[in-house]
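Below is one structure, written out as structure tokens, with a few remarks after it.
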Amino acid sequence: MADIPEKLTKPYDPTTTEGRMYVLWTESGFFNPDNLPARHQEPFTIIMPPPNANGRLHAGHALTISLEDIMTRYQRMQGKRALWVPGADHAGFETQVVYEKKLEKEGRSRFKMDRTDLYNEIMAFTLDSKKHMEADVKALGASCDWSREKFTLDPSVVSEVQETFRKLYRDGLVYRGYRTINWCTKHQTSLSDVETETVEKKDKLYYLKYGPFVVATVRPETIFGDVAVAVNPTDERYQKYIGQEISVQHPEGTLTLKVIADEAVDKEFGTGALKITPAHDNNDFLMSETHKLPRVVVIDQFGKLTAKTGKYAGMKIAEARTKVVEDLQALGLIEKIEDYTHAVPTCYKCSTTIEPRVMPQWFVKMAPLAKRAADAVRAGKIKFIPDNFEKVFLYWMDNSLDWNISRQIVWGIQIPALVCTACNTGALDTDAKEGSPCASCQSPLARDTDTFDTWFSSGQWPLLALGYPDNKDMPHYPTDVMETGRDLIFKWIPRMVIFGLYLTNKVPFHTVYLNGLVNDKHGKKMSKSKGNVVSPIELTDKYGADALRISLVIGNTPGNDLALVEDKIKGYKHFCNKMWNASRFVLSNIGDTTLDTVRPTLTKRDEEILAELNTTIASVTGHLESYRFHLAGEELYHYFWHSFADIVIEEMKPRLAGADKASKQSAEWVLLHILATTTKMFHPFMPFITEELWSMLPSRTPKNLLIIESWPKAL
RNA sequence: GGACGAUUAGCUCAGAUGGUUAGAGCACUGCAUUCACAUUGCAGGGGUCACAAGUUCGAAUCUUGUAUCGUCCACCA
């Protein structure tokens, strides 16, 4: 029996291997494509979706990291100039929410803090959390180039994001406007449409006697802000009132309102007559623009009634509604009350009902930008995996409303603009100074204290991560694959396409691979409140990163959610041990054969065995080229265990012990070569154990690290 | 109100361009095992591929419809 490494005589222990292998790779420098050998010329690029720097990784990250690392390691072995750029996201609103919770626990409040102090505290917190997040990425084996890591608040990133805003402004694609925005009364900021979550809510529908009309509303407390009553222009019931003024009674007096006709009014709903409250409803706001109606604010930013509501001033919405309804009933102004279920937008972080408010904010004019993005996709410049997401993307692009990019929080990139203290006209910070007169009303301009929606900066991420506009890494743009969770098809993917095209005239990536979500073992979404969150790091500690990685990949198809079953991971830990033991067997039974040994004349049976290996190489390679990682992994797994270990090794045993020297030599050579080949092919999936095993394979000449070995071709 | 996805063994899921007796892992049953590995091997049980109709020589796979579950989108107050 040949000498085999000591550690191979014991069961495989991931904990003693993984850290050591990661150090070996880091020291080799091969994560950085600049250090790769000369054969690596053609670029292959993935930009990592930057994990939030405000906490640890979750199970979904583990899947993303696994898939991206498989692609990167595979392409690196194929001789590409493989670059995978890691990042960390300051995650504006999300992090601010996390930090506010921390402040609350300490009995503090952001609203009582100085802006700069708050910003600095969140920065310290984020930079600390970021280290843990990065350690988690490393623990999963990610072969990304840390020397190029970018943080979304790096000074170069900040200045470039601000430059994009200025460019959009000059091109007339960003404007300051009064529009209905989604306001969270708890977090005191506006939110984009994708930051709200619509939930079914049971409410009452109140039928109010309203001059000569009866109107249906769920928000009787806004009656003090009513400025008109609207009917459909074709509604015969109300023809005679159109253009007239009517008098409407409410607990605090009488309103004189105009009757307007608008197509948007549904004749069938309620009574077909609609009270118009432009300051607190988007439909009504839009009508106020077409019909030139005033806007009366009756609910303030804290969700309390304003002085305009008389005795209700200072009450919260719910309380005010009860009171107003009581008082209206007392006056005999309520005809009936019905139960009513409708969809209401809520803050996706705190579930507070969104208060529509009309506020001056910065908006991106989406239509022209979205059209370019849609055209590029229709022209086939971006391929979606799975392909049905193309439809989802196009639907969003064809129906996008202007995008509110102002956030009233400190944690983020400041908008490089000034706003008029009187009329809210905006100006670029490069065109005007604080205190200089506003272009329309001559009042002094003040610094805009708002920050950008996080997606405004992360939408430019493929460029920013490559250091744009510095063009050192621009040969890596457009990148090859954007791999991310399927929930980001709305939030993120379209914005990257839009900004990529806008800034460079090129799509930011050719392929979008969307993975499903990682759910708990029952298929339910993981959430802290349900207590079913599983940390990927607990799992790597228990089973090893390799076992976790391959268990997330095999049996998981793109776009479909995955139930995380611990027994499955355990099964792949067993498989790691199988590889370990098979290697032990091979290395103790191949005599003097090494990787350099010239191929001897093989027996007919061994030719057949190699033919099966060759078929597997071709098939696995094909799957990897087509992003079918689940099939590639499964086929390899099956080949190794049930062909190589169960059949090939078993039938080699008598030959290795027998007297037929030619047969023995043939067997030894075949065993070592199958082991070497499968070790290479498994490397993208299970990098740690394969690198460790590779280091033990006998060779007369020095070997490369497995990470830069060539991907196998048919023997 | 729309769109999308799912429905295959007890459980979690694969089955790309339609093609021999539908697969994997786990679980289950029986046997074996000092010979790489009990984190093992061999053998086995278990499925009318949600339902209905259609296209085809042939359908889990394509078409249409139905049902159930899930996700996302939506400015009917």
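In what follows, chains carry the letters A, B, and so on, assigned in the order in which the sequence lines appear, proteins first and then strands, with residues in each chain numbered from 1. Only this structure's heavy atoms are used, side chains among them; waters, hydrogens and symmetry mates stay out.
For A/Tyr637 and A/Phe685, the gap between ring centers reaches or exceeds 6.0 Å.
Looking at the side chain of A/Phe269, the nearest of the listed nucleotides B/U12, B/A36, B/C76 is B/C76. Listed nucleotides: B/G15, B/U39, B/C76. Nearest to the side chain of A/Asp266: B/C76. Nearest to the side-chain atoms of A/Ala343 among the listed nucleotides B/A74, B/C72, B/U39 stands B/A74. The side chain of A/Ala582 sits closest to B/A36 out of B/A36, B/A77, B/C72. Comparing B/A14, B/A74, B/G41 by their closest approach to the side chain of A/Asp193 singles out B/A74.
Separation of the P atoms belonging to B/A24 and B/G41 is 14 Å when rounded to the nearest angstrom. Taking atom P on both nucleotides, B/C35 is separated from B/C28 by 26 Å, rounded to a whole Å. One P atom belongs to B/U39, the other to B/A27, and the distance between them is 12 Å to the nearest Å. Spacing of P atoms, B/U61 relative to B/G1, comes out at 29 Å, to the nearest Å. For B/A50 and B/G10, the P atoms lie 14 Å apart once the distance is rounded to whole Å. Atom name C1', nucleotides B/G5 and B/G44: the rounded distance is 36 Å, in whole Å. Taking atom C1' in both B/G15 and B/A6, one finds a spacing of 15 Å when rounded to whole Å. Across the P atoms, B/A60 and B/U68 are found 25 Å apart, a figure rounded to whole Å.
With both pairing distances under 3.5 Å, B/C76 is matched to nothing as a Watson-Crick or G-U wobble pair. Pairing for B/U48 is absent, with no Watson-Crick or G-U wobble pair whose two atom distances lie under 3.5 Å. Within the shown strands, B/C31 is the pairing partner of B/G41 under the Watson-Crick or G-U definition, both distances less than 3.5 Å. Nucleotide B/U55 is matched to nothing when pairs are restricted to Watson-Crick or G-U wobble geometry with both distances under 3.5 angstrom. B/U12: Watson-Crick or G-U partner is B/A24, with both key distances under 3.5 Å. Look at B/C69: its Watson-Crick or wobble partner, with both distances under 3.5 angstrom, is B/G5.
Shown here for A/Asp402 and A/Ala367, the closest heavy-atom pair between the two residues is OD1-N, 4.5 Å. The shortest non-hydrogen separation linking A/Ser583 to A/Leu675 is OG-CD1, 3.5 Å.
By the 4.0 Å N-to-carboxylate-O rule, A/Arg495 lies too far from A/Asp453 to be salt-bridged with it. Under the 4.0 Å criterion applied to side-chain N and carboxylate O atoms, A/Arg655 and A/Asp660 are not assigned as salt-bridge partners. With respect to A/Arg321 and A/Glu221, a salt bridge is recorded, a charged nitrogen being found less than 4.0 Å from a carboxylate O. Salt bridge status for A/Asp226 with A/Lys275: present, with a side-chain N to carboxylate O gap under 4.0 Å. With salt bridges taken as basic N to acidic carboxylate O contacts below 4.0 Å, one links A/Lys349 and A/Glu94.
One interatomic measurement links the two molecules: CG of A/Asn388 to P of B/C72, which rounds to 16 Å at whole-angstrom precision. Rounded to an integer number of Å, the gap from A/Trp396 CH2 to B/C73 C1' is 12 Å. Separating the OH atom of A/Tyr395 from the P atom of B/C4 is a distance of 11 Å, rounded to the nearest angstrom. We find that CG of A/Asn519 is positioned 12 Å from C1' of B/U12, with the value rounded to whole Å. Counting to the nearest Å, the C1' atom of B/C72 and the CG atom of A/Asp561 are 12 Å from each other.
Taking every heavy atom of residues 645-653 of chain A and every atom of RNA chain B, pairs under 4.0 Å involve A/Ala645, A/Asp646, A/Ile649, A/Glu650, A/Lys653, by number. Contacts of residues 540-559 of chain A with RNA chain B (heavy atom under 4.0 Å): A/Gly555, A/Thr557.
A donor-acceptor pair is defined here as one N or O able to donate and one able to accept, closer than 3.5 Å; such a pair exists between the side chain of A/Thr322 and the backbone of A/Ala318.
Side-chain N/O atoms of A/Glu612 and A/Tyr639 include no donor and acceptor closer than 3.5 Å. Under the 3.5 Å distance criterion, with hydrogens and angles disregarded, a donor-acceptor pair is assigned to the side chains of A/His623 and A/Glu635.
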All N/O pairs under 3.5 Å across the protein-nucleotides 19-28 of chain B interface:
{"residue": "B/G25", "atom": "OP1", "partner": "A/His642", "partner atom": "NE2", "Å": "3.3"}

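A/His638 and A/His642 have tilted rings, their planes meeting at an angle from 30° to 60° on a 0 to 90° scale.
For the pair A/Phe389 and A/Pro386, the minimum side-chain heavy-atom distance is below 4.5 Å.
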